[in-house]
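Worksheet: one structure, shown below.
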Amino acid sequence: MTKLAGKIAVVIGGNSGIGFETAKELKDNGATVVISGRNKERVKQASNELGVLGIVADVSKVTDIENLASEVHKKLGKVDILFVNAGIFQPAPIGNITEEMFDYQMDINFKGAFFTTEKFLPFLNDGASIINLSSINAYTGMPNTAVYAASKAALNSYTKTAATELAPRKIRVNSVNPGPVSTPIFGKTGMEENQLTNFAAAMQERIPLKRFGTTQDIAKLVTFLASDDASFITGSEYNIDGGIIINPLLG
Ligand code: NAD
(Lines give C-alpha, C1' and ligand atoms only; values in the text may rest on other atoms or scores of the structure.)
Protein backbone atom coordinates (compact mmCIF):
# COMPACT_ATOMS: atom_id res chain seq x y z
CA MET A 1 0.00 0.00 0.00
CA THR A 2 1.21 3.49 -0.71
CA LYS A 3 -1.16 5.90 1.01
CA LEU A 4 1.78 7.35 2.99
CA ALA A 5 4.24 7.38 0.08
CA GLY A 6 6.64 10.31 0.27
CA LYS A 7 5.89 10.97 3.94
CA ILE A 8 8.52 11.04 6.68
CA ALA A 9 7.32 9.50 9.95
CA VAL A 10 8.94 9.55 13.39
CA VAL A 11 7.82 7.04 16.01
CA ILE A 12 8.92 8.05 19.50
CA GLY A 13 9.41 4.86 21.51
CA GLY A 14 9.35 2.69 18.39
CA ASN A 15 11.46 -0.22 19.61
CA SER A 16 8.69 -2.09 21.44
CA GLY A 17 4.94 -2.78 21.69
CA ILE A 18 2.56 -0.30 20.06
CA GLY A 19 5.36 1.89 18.68
CA PHE A 20 7.13 -1.04 17.01
CA GLU A 21 3.94 -2.32 15.37
CA THR A 22 2.96 1.18 14.23
CA ALA A 23 6.41 1.76 12.72
CA LYS A 24 5.88 -1.44 10.72
CA GLU A 25 2.38 -0.37 9.60
CA LEU A 26 3.52 3.14 8.60
CA LYS A 27 6.37 1.63 6.60
CA ASP A 28 4.05 -0.92 4.95
CA ASN A 29 1.91 2.02 3.86
CA GLY A 30 4.85 3.67 2.12
CA ALA A 31 6.24 6.10 4.71
CA THR A 32 9.95 6.50 5.44
CA VAL A 33 10.14 5.75 9.15
CA VAL A 34 12.52 6.65 11.98
CA ILE A 35 12.17 5.08 15.42
CA SER A 36 13.59 6.34 18.69
CA GLY A 37 13.93 4.73 22.08
CA ARG A 38 15.88 5.01 25.26
CA ASN A 39 17.84 1.72 25.24
CA LYS A 40 20.67 1.55 22.69
CA GLU A 41 20.65 -2.24 22.18
CA ARG A 42 16.86 -2.47 21.86
CA VAL A 43 16.73 0.43 19.40
CA LYS A 44 19.45 -1.19 17.32
CA GLN A 45 17.71 -4.57 17.30
CA ALA A 46 14.29 -3.13 16.44
CA SER A 47 15.56 -0.80 13.73
CA ASN A 48 17.42 -3.70 12.10
CA GLU A 49 14.32 -5.85 12.25
CA LEU A 50 12.12 -3.11 10.79
CA GLY A 51 14.71 -1.92 8.26
CA VAL A 52 14.37 1.69 9.42
CA LEU A 53 16.63 4.31 10.96
CA GLY A 54 16.90 4.06 14.77
CA ILE A 55 18.08 6.88 17.04
CA VAL A 56 18.62 6.72 20.79
CA ALA A 57 16.95 9.54 22.73
CA ASP A 58 15.59 9.62 26.27
CA VAL A 59 12.42 11.76 26.18
CA SER A 60 12.81 12.69 29.83
CA LYS A 61 15.81 14.77 28.73
CA VAL A 62 14.85 17.79 26.66
CA THR A 63 18.33 18.03 25.13
CA ASP A 64 17.97 14.43 23.85
CA ILE A 65 14.69 15.41 22.14
CA GLU A 66 16.35 18.48 20.64
CA ASN A 67 19.22 16.37 19.28
CA LEU A 68 16.78 13.76 17.93
CA ALA A 69 14.75 16.38 16.06
CA SER A 70 17.80 17.99 14.48
CA GLU A 71 19.35 14.61 13.56
CA VAL A 72 16.13 13.47 11.86
CA HIS A 73 15.98 16.78 9.99
CA LYS A 74 19.61 16.52 8.91
CA LYS A 75 19.20 12.94 7.67
CA LEU A 76 15.69 13.01 6.15
CA GLY A 77 14.42 16.58 5.95
CA LYS A 78 11.10 17.76 7.36
CA VAL A 79 8.67 15.44 9.12
CA ASP A 80 5.04 14.70 8.15
CA ILE A 81 3.99 12.24 10.86
CA LEU A 82 5.00 12.51 14.51
CA PHE A 83 3.79 9.61 16.66
CA VAL A 84 4.35 10.65 20.29
CA ASN A 85 4.14 7.20 21.81
CA ALA A 86 6.85 6.71 24.46
CA GLY A 87 5.44 6.02 27.88
CA ILE A 88 5.72 4.01 31.09
CA PHE A 89 3.11 2.57 33.45
CA GLN A 90 4.16 2.52 37.11
CA PRO A 91 1.16 1.81 39.35
CA ALA A 92 1.32 2.83 43.02
CA PRO A 93 -1.25 3.66 45.71
CA ILE A 94 -1.90 7.21 46.85
CA GLY A 95 -0.07 7.70 50.15
CA ASN A 96 2.98 5.81 48.88
CA ILE A 97 3.98 8.05 46.00
CA THR A 98 7.29 9.83 46.34
CA GLU A 99 8.32 12.97 44.50
CA GLU A 100 10.80 10.83 42.58
CA MET A 101 8.07 8.41 41.42
CA PHE A 102 5.87 11.36 40.41
CA ASP A 103 8.65 13.04 38.42
CA TYR A 104 9.79 9.82 36.75
CA GLN A 105 6.37 9.08 35.22
CA MET A 106 5.43 12.69 34.48
CA ASP A 107 8.83 13.43 32.90
CA ILE A 108 8.37 10.66 30.34
CA ASN A 109 4.61 10.55 29.78
CA PHE A 110 3.77 14.26 29.84
CA LYS A 111 6.85 16.47 29.85
CA GLY A 112 8.55 14.21 27.31
CA ALA A 113 5.51 14.24 25.04
CA PHE A 114 5.07 18.00 25.46
CA PHE A 115 8.67 18.80 24.52
CA THR A 116 8.61 16.34 21.64
CA THR A 117 6.12 18.52 19.79
CA GLU A 118 7.87 21.67 21.02
CA LYS A 119 11.27 20.61 19.65
CA PHE A 120 10.01 18.99 16.42
CA LEU A 121 7.80 21.94 15.52
CA PRO A 122 10.43 23.83 13.50
CA PHE A 123 11.07 20.62 11.54
CA LEU A 124 7.44 19.70 10.79
CA ASN A 125 5.95 20.27 7.36
CA ASP A 126 2.77 22.32 7.19
CA GLY A 127 -0.08 19.77 7.04
CA ALA A 128 1.78 17.35 9.34
CA SER A 129 -0.08 14.96 11.65
CA ILE A 130 0.82 14.61 15.34
CA ILE A 131 -0.68 11.65 17.18
CA ASN A 132 -0.35 11.56 20.98
CA LEU A 133 -0.62 8.10 22.51
CA SER A 134 -2.68 8.60 25.65
CA SER A 135 -4.89 6.11 27.52
CA ILE A 136 -8.46 5.61 28.67
CA ASN A 137 -6.88 5.74 32.14
CA ALA A 138 -7.17 9.51 31.76
CA TYR A 139 -10.90 8.99 32.47
CA THR A 140 -11.36 5.81 34.49
CA GLY A 141 -10.23 6.58 38.06
CA MET A 142 -8.60 3.14 38.16
CA PRO A 143 -6.90 2.50 41.52
CA ASN A 144 -3.10 2.91 41.68
CA THR A 145 -2.93 5.05 38.56
CA ALA A 146 -2.98 8.55 40.11
CA VAL A 147 0.21 9.73 38.39
CA TYR A 148 -0.18 7.71 35.18
CA ALA A 149 -3.80 8.83 34.69
CA ALA A 150 -2.93 12.48 35.37
CA SER A 151 -0.03 12.32 32.91
CA LYS A 152 -2.38 11.07 30.18
CA ALA A 153 -5.17 13.54 31.08
CA ALA A 154 -2.61 16.36 30.80
CA LEU A 155 -1.58 15.02 27.40
CA ASN A 156 -5.18 14.98 26.16
CA SER A 157 -5.65 18.55 27.31
CA TYR A 158 -2.46 19.51 25.49
CA THR A 159 -3.74 17.82 22.32
CA LYS A 160 -6.68 20.22 22.20
CA THR A 161 -4.64 23.39 22.79
CA ALA A 162 -2.01 22.32 20.28
CA ALA A 163 -4.69 21.49 17.70
CA THR A 164 -6.09 25.03 17.81
CA GLU A 165 -2.70 26.76 17.91
CA LEU A 166 -1.23 24.70 15.06
CA ALA A 167 -4.31 24.78 12.83
CA PRO A 168 -3.06 27.86 10.89
CA ARG A 169 -0.22 25.61 9.64
CA LYS A 170 -2.77 22.83 8.92
CA ILE A 171 -0.93 20.66 11.42
CA ARG A 172 -3.44 18.21 12.91
CA VAL A 173 -3.09 16.98 16.50
CA ASN A 174 -5.09 14.05 17.86
CA SER A 175 -5.01 11.66 20.82
CA VAL A 176 -5.48 7.90 20.83
CA ASN A 177 -6.76 6.39 24.10
CA PRO A 178 -6.21 2.63 24.16
CA GLY A 179 -7.68 0.31 26.76
CA PRO A 180 -5.54 -2.66 27.77
CA VAL A 181 -3.24 -3.83 24.97
CA SER A 182 -0.93 -6.85 25.18
CA THR A 183 2.57 -5.34 25.20
CA PRO A 184 5.72 -5.59 27.34
CA ILE A 185 4.59 -2.50 29.34
CA PHE A 186 2.95 -4.57 32.11
CA GLY A 187 6.06 -6.72 32.61
CA LYS A 188 8.02 -3.54 33.38
CA THR A 189 5.80 -2.60 36.36
CA GLY A 190 7.59 -4.85 38.84
CA MET A 191 4.39 -6.93 39.40
CA GLU A 192 4.88 -10.70 39.95
CA GLU A 193 3.94 -13.08 37.12
CA ASN A 194 0.84 -14.41 38.96
CA GLN A 195 -0.30 -10.86 39.85
CA LEU A 196 -0.03 -9.95 36.17
CA THR A 197 -2.03 -13.02 35.14
CA ASN A 198 -4.80 -12.26 37.67
CA PHE A 199 -4.84 -8.59 36.64
CA ALA A 200 -5.13 -9.54 32.96
CA ALA A 201 -7.92 -12.06 33.61
CA ALA A 202 -9.93 -9.58 35.72
CA MET A 203 -9.45 -6.84 33.16
CA GLN A 204 -10.46 -9.05 30.24
CA GLU A 205 -13.68 -10.01 31.99
CA ARG A 206 -14.61 -6.31 32.24
CA ILE A 207 -14.08 -5.63 28.53
CA PRO A 208 -17.35 -6.01 26.57
CA LEU A 209 -15.46 -7.49 23.60
CA LYS A 210 -13.75 -9.91 26.04
CA ARG A 211 -10.20 -9.50 24.80
CA PHE A 212 -7.18 -7.25 25.17
CA GLY A 213 -6.38 -4.99 22.25
CA THR A 214 -3.56 -5.98 19.93
CA THR A 215 -0.75 -3.71 18.84
CA GLN A 216 -2.14 -4.06 15.29
CA ASP A 217 -5.51 -2.61 16.43
CA ILE A 218 -3.75 0.54 17.61
CA ALA A 219 -1.31 0.73 14.68
CA LYS A 220 -4.17 0.78 12.17
CA LEU A 221 -5.95 3.66 13.93
CA VAL A 222 -2.72 5.66 14.22
CA THR A 223 -1.99 5.05 10.53
CA PHE A 224 -5.47 6.30 9.61
CA LEU A 225 -4.99 9.48 11.69
CA ALA A 226 -1.56 9.96 10.09
CA SER A 227 -2.97 9.76 6.58
CA ASP A 228 -4.77 12.27 4.40
CA ASP A 229 -7.95 10.17 4.91
CA ALA A 230 -8.14 11.98 8.27
CA SER A 231 -7.49 15.44 6.85
CA PHE A 232 -10.58 16.99 8.57
CA ILE A 233 -9.82 15.49 12.00
CA THR A 234 -7.97 17.53 14.60
CA GLY A 235 -8.23 18.06 18.37
CA SER A 236 -10.04 14.73 18.70
CA GLU A 237 -9.62 11.75 20.96
CA TYR A 238 -10.20 8.16 19.91
CA ASN A 239 -11.01 5.53 22.51
CA ILE A 240 -9.89 2.10 21.29
CA ASP A 241 -10.69 -0.18 24.19
CA GLY A 242 -13.11 -2.98 23.33
CA GLY A 243 -15.80 -0.91 25.05
CA ILE A 244 -14.37 -1.00 28.60
CA ILE A 245 -14.95 2.71 29.16
CA ILE A 246 -18.71 2.29 28.67
CA ASN A 247 -18.82 -0.66 31.05
CA PRO A 248 -17.60 0.74 34.38
CA LEU A 249 -19.47 -1.45 36.86
CA LEU A 250 -21.42 -4.39 35.51
CA GLY A 251 -20.24 -6.80 32.85
P1 NAD B 1 6.20 -0.77 25.71
O2 NAD B 1 6.83 -0.84 27.05
O3 NAD B 1 6.21 -1.99 24.86
O4 NAD B 1 6.82 0.42 24.85
C5 NAD B 1 7.15 1.65 25.42
C6 NAD B 1 8.05 2.41 24.48
O7 NAD B 1 8.35 3.66 25.09
C8 NAD B 1 9.37 1.71 24.21
O9 NAD B 1 9.70 1.81 22.86
C10 NAD B 1 10.37 2.49 25.05
O11 NAD B 1 11.65 2.57 24.44
C12 NAD B 1 9.74 3.86 25.06
N13 NAD B 1 10.19 4.65 26.20
C14 NAD B 1 9.90 4.48 27.52
N15 NAD B 1 10.53 5.40 28.25
C16 NAD B 1 11.24 6.16 27.37
C17 NAD B 1 12.10 7.27 27.51
N18 NAD B 1 12.40 7.80 28.71
N19 NAD B 1 12.65 7.81 26.39
C20 NAD B 1 12.37 7.28 25.18
N21 NAD B 1 11.57 6.24 24.98
C22 NAD B 1 11.02 5.69 26.07
O23 NAD B 1 4.71 -0.32 26.00
P24 NAD B 1 3.44 0.03 25.07
O25 NAD B 1 2.30 -0.63 25.74
O26 NAD B 1 3.71 -0.23 23.66
O27 NAD B 1 3.32 1.59 25.37
C28 NAD B 1 3.31 2.59 24.38
C29 NAD B 1 2.40 3.72 24.82
O30 NAD B 1 1.06 3.22 24.91
C31 NAD B 1 2.70 4.32 26.18
O32 NAD B 1 2.61 5.73 26.10
C33 NAD B 1 1.61 3.77 27.08
O34 NAD B 1 1.34 4.60 28.17
C35 NAD B 1 0.46 3.68 26.10
N36 NAD B 1 -0.65 2.79 26.47
C37 NAD B 1 -0.42 1.44 26.58
C38 NAD B 1 -1.48 0.63 26.94
C39 NAD B 1 -1.30 -0.87 27.09
O40 NAD B 1 -2.22 -1.52 27.63
N41 NAD B 1 -0.21 -1.46 26.63
C42 NAD B 1 -2.77 1.16 27.15
C43 NAD B 1 -2.95 2.52 27.02
C44 NAD B 1 -1.88 3.33 26.67
Side-chain angles (χ1 to χ4, degrees), residues 11-25 35-50 54 56 58-60 85-110 112 133-152 176-219 222 239-245 247-251:
V11 177
I12 307 293
N15 62 272
S16 173
I18 293 167
F20 181 85
E21 193 63 37
T22 305
K24 200 190 282 177
E25 186 73 17
I35 62 163
S36 73
R38 144 173 86 164
N39 180 293
K40 194 174 164 194
E41 272 317 301
R42 290 201 200 119
V43 171
K44 194 171 159 202
Q45 199 185 336
S47 59
N48 284 343
E49 204 177 316
L50 289 163
V56 177
D58 181 341
V59 297
S60 67
N85 163 76
I88 53 165
F89 177 65
Q90 300 281 289
I94 292 171
N96 284 299
I97 297 168
T98 62
E99 185 180 2
E100 203 179 23
M101 288 156 78
F102 179 95
D103 287 345
Y104 182 53
Q105 212 161 183
M106 278 291 180
D107 280 356
I108 296 173
N109 291 3
F110 182 54
L133 209 287
S134 183
S135 170
I136 56 154
N137 277 118
Y139 301 104
T140 52
M142 181 175 146
N144 301 321
T145 67
V147 182
Y148 181 77
S151 72
K152 296 301 192 181
V176 168
N177 300 332
V181 181
S182 308
T183 73
I185 201 168
F186 299 108
K188 300 172 187 170
T189 55
M191 282 161 83
E192 303 281 336
E193 193 63 39
N194 70 324
Q195 274 182 301
L196 281 174
T197 310
N198 292 342
F199 171 74
M203 189 69 83
Q204 185 151 311
E205 199 37 51
R206 295 276 298 276
I207 301 171
L209 292 180
K210 298 287 180 241
R211 69 168 176 90
F212 267 46
T214 65
T215 53
Q216 288 90 339
D217 290 327
I218 314 302
V222 174
N239 296 334
I240 174 162
D241 66 346
I244 194 169
I245 207 163
N247 187 33
L249 292 175
L250 303 168

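Residues: numbered from 1 along the sequence shown. On a predicted model such as this, the values are computed, not experimentally measured, just so you know.
- A donor-acceptor pair is defined here as one N or O able to donate and one able to accept, closer than 3.5 Å; such a pair exists between the side chain of Asn85 and the backbone of Gly13.
- In this structure, CG in Asp241 is found 12.0 Å from CZ in Arg206, a value given to the nearest 0.5 Å.
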- Query: Step by step, would you call Phe89 with Asn109 a side chain to side chain contact (heavy atoms under 4.5 Å, CB included)?
  - Reply: CA-CA 9 Å; Phe89 177 65; Asn109 291 3; over 6 Å; no

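- Here the closest heavy-atom approach between residue Asn137 and residue Ala149 is recorded as O-CB, 3.2 Å.
- Lys210 places no side-chain N or O within 3.5 Å of a backbone atom of Gln204 that could act as its donor or acceptor partner.
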- Query: When you look at Ile240 and Val176, which way does the side chain to side chain contact (heavy atoms under 4.5 Å, CB included) test go after all the steps?
  - Reply: CA-CA 7 Å; Ile240 174 162; Val176 168; 3.7 Å; yes

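- Counting non-hydrogen atoms of neighbouring residues, nucleotides and ligands closer than 6.0 angstrom, the CD atom of Gln45 reaches no more than 12 such neighbours.
- At a cut-off of 3.5 Å, with distance as the only test, no side-chain donor of Thr197 or Asn194 sits close to an acceptor on the other residue.
- Among all heavy-atom pairs drawn from Lys152 and Leu133, the shortest one is NZ-O, 3.0 Å.
- When all heavy atoms are compared, the tightest approach of Pro178 to Ile218 is CB-CD1, 3.8 Å.
- Ring geometry for Phe212 versus Phe186: interplanar angle over 60°, hence perpendicular rather than tilted (30 to 60°).
- Annotation: the span from Glu193 atom CD to Asn198 atom CG amounts to 10.5 Å, rounded to 0.5 Å.
- The shortest distance between side-chain heavy atoms of Asn15 and Asn39 does not fall below 4.5 Å.
- For the pair Gly14 and Leu50, the tightest heavy-atom approach, listed with the atom from each and the gap, is O-CD1, 4.2 Å.
- The shortest non-hydrogen separation linking Gly87 to Ile185 is O-CD1, 4.1 Å.
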- Item | Ser135 and Met142: CA distance, side-chain angles, deciding distance, side chain to side chain contact (heavy atoms under 4.5 Å, CB included) verdict | CA-CA 12 Å; Ser135 170; Met142 181 175 146; over 6 Å; no

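- Side-chain contact between Tyr104 and Ile88 is present, with at least one heavy-atom pair separated by less than 4.5 Å.
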- With side chain to side chain contact (heavy atoms under 4.5 Å, CB included) as the test, would you mind laying out the steps for Leu196 and Thr189 before giving the verdict? CA-CA 9 Å; Leu196 281 174; Thr189 55; 4.3 Å; yes

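- Counted within 6.0 Å of CZ on Phe102, heavy atoms from surrounding residues, nucleotides or ligands total 12 or fewer; the atom is thus considered open.
- Counting only distance, with no hydrogens or angles, the side chain of Gln105 and the backbone of Gln90 share a donor-acceptor pair below 3.5 Å.
- Taking every heavy atom of both residues into account, Ser182 and Thr215 meet most closely at O-CG2, 3.9 Å.
- Distance check, rounded to the nearest 0.5 Å: CD1 of Ile35 to CD of Glu49 gives 9.5 Å.
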